[in-house]
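The structure under discussion appears below in the form of structure tokens.
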Amino acid sequence: MITRLGLVLLGAYVAVMGAVVHRHRVELLGVAWPWGLALALLATAAVAVAAGRVGRIGETWFALGWAVVILAQSLAPGGSYLVADDWLGWAYSLLGMGSLGLIIVRNSRLQR
């Protein structure tokens, strides 16, 4: 029970930190590269894979915490201050949830 709660809280923490970082960009050769988005998505996937090694369905508990934070921000009455309604916000939300879904499906097939 404590492990599951810890994984949910870890997922929530990674989602908040990713929401803060995903908007950072660097200008190189006239192109704005979204390094924060790449870092947030890589960190989310890496921690989800590690969470899967903690418990039988650890990545699922991690994804639950991550998804609750992202959905709560988008459904907030005043909108989200961290995940804006633009391509960066949508990319972070959808690619993050998609990668978590793929990790969960991959790990469930490996455990058969």
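Predicted model, so just to flag it, every value in this text is computed and none were measured.
L71 and L94 fall into different hydrophobic clusters, defined by Ile, Leu, Val, Met, Phe, Trp and Tyr side-chain heavy atoms under 4.5 Å apart, directly or through other members. No path of Ile, Leu, Val, Met, Phe, Trp and Tyr side chains, each step under 4.5 Å between heavy atoms, connects L102 with V105, placing them in separate hydrophobic clusters. Neither V49 nor V47 shares a network with the other; the hydrophobic side chains, linked directly or stepwise wherever heavy atoms of I, L, V, M, F, W or Y lie under 4.5 Å apart, form separate groups for each.
Considering all non-hydrogen atoms of both residues, H22 and A40 come closest at CB-CB, 4.2 Å. Taking both residues in full, the closest heavy atoms of L88 and R25 are given as CD1-NE, 3.7 Å, listed atom of the first, atom of the second, then distance. Across all non-hydrogen atoms, the minimal contact from G96 to W66 is CA-CH2, 3.6 Å. For the residue pair N107 and G52, the shortest heavy atom distance occurs at ND2-CA, 4.4 Å. Closest heavy-atom contact between A91 and L37: CB-CD2, 3.9 Å. The heavy-atom pair separating Y92 from V14 by the smallest distance is OH-O, 3.9 Å.
The OG1 atom of T44 lies 11.0 Å from the CE atom of M97; values are rounded to the nearest 0.5 Å. Atom CG in L10 sits 11.0 Å away from atom CG in L5 (nearest 0.5 Å). Interatomic distance, OG1 of T60 versus CZ of R4, reported as 10.5 Å (0.5 Å rounding).
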Take R23 and D86 through the test side chain to side chain contact (heavy atoms under 4.5 Å, CB included) and record every step on the way to the result.
-> CA-CA 10 Å; R23 301 207 58 82; D86 62 355; 2.6 Å; yes
Evaluate the side chain to side chain contact (heavy atoms under 4.5 Å, CB included) criterion for residues I57 and W61: first the C-alpha distance (whole Å), next the side-chain angles of each, then the deciding distance (0.1 Å), finally the verdict.
-> CA-CA 7 Å; I57 55 170; W61 290 104; 3.6 Å; yes
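Among residues two or more places apart in sequence or in another chain, the side chain to side chain contact (heavy atoms under 4.5 Å, CB included) test is passed with A48 by F62, L100, I103.
Not a single donor-acceptor pair under 3.5 Å links the side chain of S93 to the backbone N or O of W90.
As a member of the Ile/Leu/Val/Met/Phe/Trp/Tyr network built from side-chain separations under 4.5 Å, W35 groups with V21, V26, L28, V31, W33, L39.
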